[in-house]
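Input: a single structure, listed below in C-alpha cells.
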Amino acid sequence: MVGDELYEEPHAERSGKESDTETWQRLSAYAYLSAPERLEYVAVMRVFCGTLLADLAVPEVLAKLAQARQPAAALGAETLTARLEQLVRWGNLLRSTHTVTATSIAEYQRSRSRYQLSKLGERVQRDADEVLAGADAAREVSSELLTLVDRGLKEIAALAATPGGTDPQQALEKISTLFAQFAEFAESVRDFYAYLGQVLARYDLDGAEYQGFKELLLDYVEAITEDVSFRAPRIAAHLREIWPHLPTLLNRIDTHATGLGALSDALPETRVQRSRGRALADWEGLRDWFADSDGHGSQVDQLRDATLRALQSLLANAKRMLRSASGEMSRRKDLLRLAAWFDAAEPEEAHDIAVAAFGLYGARHLGVAPDPDQSVPAYVSWWTGPVVDVPVALRERGSRAPRGRSAAMEDHREQKCRLLEQAREQAAARRDAAAELRSASGRFDQVRLGSAAMRLLLELLTAALGHAQLHKEAGDFQLDGAQAGDADLGIRLTVWRTPGRHTLLRSVDGDLTADDLTLAVESASASAAAEEASA
C-alpha cells in the first residue's frame, strides 16, 4: 500500500526546503523590532547584549532594567517572563542549561528559568543599535584608508615574491590589517552615497540648501572620486602581482594558524566564518571592487557613474529653481497624465482623484474662535450675526500652519548674566546695610547712616508697625509684637513705645525723628536665642 511505503525526497529538494526553513528562522529574529512592544523588547535585548556568556533570570533582568532607568522596568515578573519566552521562540535568546542553586522553593521558582543571548540575537540587536544611532547622519568617507590599502598591498606583493616563501605570521598580520581597512573604507563609501541618494530625491531644496548641496558635490564628492580614480590602477596592479602567489600564501597561513578551521574539520555540521582575507573569495571581492574581472564593471566604475548622476540631478534642481523663480514651470506632462487617469477611472474613482489632485472636498465648517468679549446668542442667524475675521492662511490654504522657516531662538544669555550680576550686587548691598544697622543700634542719633542702610531700616520699621497690635493700658496706648526681620540678612528690628522719647535717625539723605518710639536692631540668631532663654 502507498501509505506503508517509505518515501525519500530528492536531495536537492530536501536541501532547498532546509535552506528555506533556516532563512525563515533567521528572519524571525527581526520580529521583535516591529512588534507593538518593540521598545520593551529592545530594552531587554540591550540588557543581555551588555553581558558576555552570562545567563540571567527574570529578577536579574528587572534589576538591570531599573538600574538603567528604562521604562520597561515597570513590567511585572509575569509580563517580563512572557516577553523573554517570546524572544526564545524568535531565536534571540536561549534557555540556559546551568544548574540552579537555591535555598528555598520560592527562590527556585524565581530562578529556574534563566536565559542567555544567542549569536543571531546579538548580531540583530547590534545592527539595530547602529541604525538607531546614526541612520540619518551623513557619514564621512574614510579616504585616507585607501592610501593604507595601496601601501599594504604593495608590502604583501613584496612578501609573496620573496624567495623561499614569506613568514606566515607576518603575512597574516598584514592581510588582516589590509582587509579591516578596506572594509571600513567600502562601508563608509556605501553609507555616504546612500545619504547622497536620499538628498537627491528631494525637490524642495531652497537657495541655502541648494548652495550647500552644490558645494558638497563639487568639492567633497569630486575629491573622493579623484582619489579613488588615482589609487584604483595602482591597487589593481598590486593585486595582479599577488594573484599567482595567492593560493600558496593562503595555504601557508592556514597551516601556521588554523584558528577555528580545525573545529570545522572535527565537526562538519558546524559552519565557521573565517576572518576576512583568509579565503580566496575575499580576495576576489577586493579585486572586483577595483578592477573589472567579469565584464560587469567594477565598484570604481559605479562610483564614477553615481557621481555623474549626482551632478545631473544637481543641474536638474538648478533648472527647476530657475523655472520656478521666473514662473515658467510647465505642468503639461503632469496634466496630461492626470487627464488619462480621469479618462480611465470609474465615477467614484474620479471623485477620489479630483479630491487628491485639487483638494475639492465637500462642504466643511471651519471653526474659528469668536471674540471672547462679544457674546452672541445661539438663536442669532449667521446672516445677521457679527462677522468673524478668518486668518489669511486659513482662508486661502485651509491651514493654520505658518509657512517659511521658523525664526531662530533669541539668545538671552548675555541678559541673564547681566541680571544675575545685578542681583548679586543688590544682595551684597543689602548685607552691608544690615551690618551697618547692627553696628549703629542704640546710637542712631550719633551716626549717619548710608542710603541703603536707611532704606532697609525704614522697610523694617514699616513692617514692624504693620504687625504691631495696639492696646490701652493705664490710660495710655502700648505696642505688642512690634517686630520685623529678614532671615536671609540675619537681622531683626524691635520697636516699643516710650512716651516722651524722641529717636533721631540720621542719614545722608536726611534726618527722621520717631516720636515716642525706641528702636533696637540685633542679629536674628541672637534674638531667637533670647526668646528660647526666656521661654
Side-chain angles (χ1 to χ4, degrees), residues 369-375 389 402 405-535:
D371 188 355
D373 299 332
Q374 186 177 11
S375 178
D389 292 332
R405 293 187 173 183
S406 302
M409 184 178 295
E410 188 175 355
D411 189 1
H412 298 285
R413 287 179 295 182
E414 183 177 353
Q415 183 179 3
K416 290 180 180 178
C417 294
R418 185 170 62 253
L419 293 176
L420 287 174
E421 184 62 28
Q422 183 179 355
R424 294 191 192 98
E425 293 177 357
Q426 293 177 355
R430 287 179 63 86
R431 288 194 297 270
D432 295 341
E436 184 177 353
L437 288 179
R438 284 193 294 267
S439 63
S441 179
R443 51 189 187 92
F444 287 116
D445 55 347
Q446 302 176 11
V447 297
R448 187 175 296 277
L449 300 175
S451 298
M454 188 64 178
R455 285 196 299 270
L456 180 58
L457 179 60
L458 293 178
E459 176 184 338
L460 295 175
L461 179 59
T462 302
L465 294 178
H467 296 159
Q469 297 179 359
L470 288 174
H471 71 279
K472 193 171 184 180
E473 181 179 344
D476 198 2
F477 289 99
Q478 300 294 330
L479 293 175
D480 288 342
Q483 290 185 346
D486 192 320
D488 295 333
L489 299 177
I491 188 174
R492 179 179 293 276
L493 171 66
T494 304
V495 181
W496 60 90
R497 188 170 183 272
T498 306
R501 173 70 182 271
H502 304 286
T503 302
L504 179 63
L505 304 176
R506 300 164 55 88
S507 71
V508 296
D509 298 330
D511 298 341
L512 174 66
T513 302
D515 295 333
D516 298 335
L517 292 179
T518 302
L519 283 68
V521 178
E522 56 187 346
S523 300
S525 58
S527 177
E531 292 177 359
E532 292 179 359
S534 62

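Nothing fancy with the numbering, it's 1 onward along the sequence.
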Can you sort out the partners of R438 under salt bridge (Lys or Arg N to Asp or Glu O under 4.0 Å), two or more places apart, ordered by chain and number?
-> none

Where do A452 and A429 come nearest, in terms of heavy atoms and distance?
-> CB-O, 4.5 Å

Does R448 pair with D511 as a salt bridge, N-O distance under 4.0 Å?
-> yes

In short, V447 meets A440 closest at the heavy-atom pair CG2-CB, 3.6 Å

Shortest non-hydrogen contact from T518 toward T503 | CA-OG1, 4.0 Å

Can you give me every donor-acceptor pair (side chain of residues 458-465, partner residue at least two apart or in another chain, under 3.5 Å) with its distance?
from : atom 1 : to   : atom 2 : distance (Å)
E459 : OE1    : R430 : NH1    : 3.4
T462 : OG1    : L458 : O      : 2.8

Heavy-atom closest pair (D515 atom, H502 atom, distance to 0.1 Å) is OD1-ND1, 2.9 Å

Where is the tightest heavy-atom contact between F444 and L519, given as atom of each residue plus distance?
-> CE1-O, 4.1 Å

Could I get the full list of side-chain contact (heavy atoms from CB on, under 4.5 Å) partners for E425, not counting sequence neighbours?
-> E421

For D488, check salt bridge (Lys or Arg N to Asp or Glu O under 4.0 Å) against everything at least two apart and list the hits.
-> none

Those residues that, when tested against R413, pass side-chain hydrogen bond (donor to acceptor under 3.5 Å, both in side chains) (two or more places apart) | D411

Quick one: pull up OG in S441 and CD in E436 and give me the separation to the nearest 0.5 Å.
-> 12.5 Å

Distance (rounded to the nearest 0.5 Å) between E522 CD and L437 CG | 13.0 Å

Excluding sequence neighbours, so at least two apart, what forms salt bridge (Lys or Arg N to Asp or Glu O under 4.0 Å) with R431?
-> none

Point-to-point distance, once rounded to the nearest 0.5 Å, from CG of L420 to NZ of K416 = 9.0 Å

With the side chain counted from C-beta on, respond yes when I491 and L493 share a heavy-atom pair under 4.5 Å apart, and no when they do not.
-> no

CG/L505 to CG/L517 distance, rounded to the nearest 0.5 angstrom?
-> 9.5 Å

May I ask you to test the L504-L512 pair for a side-chain heavy-atom distance under 4.5 Å?
-> no

Minimum heavy-atom distance M454-L449, with the two atoms named = SD-CD1, 4.2 Å

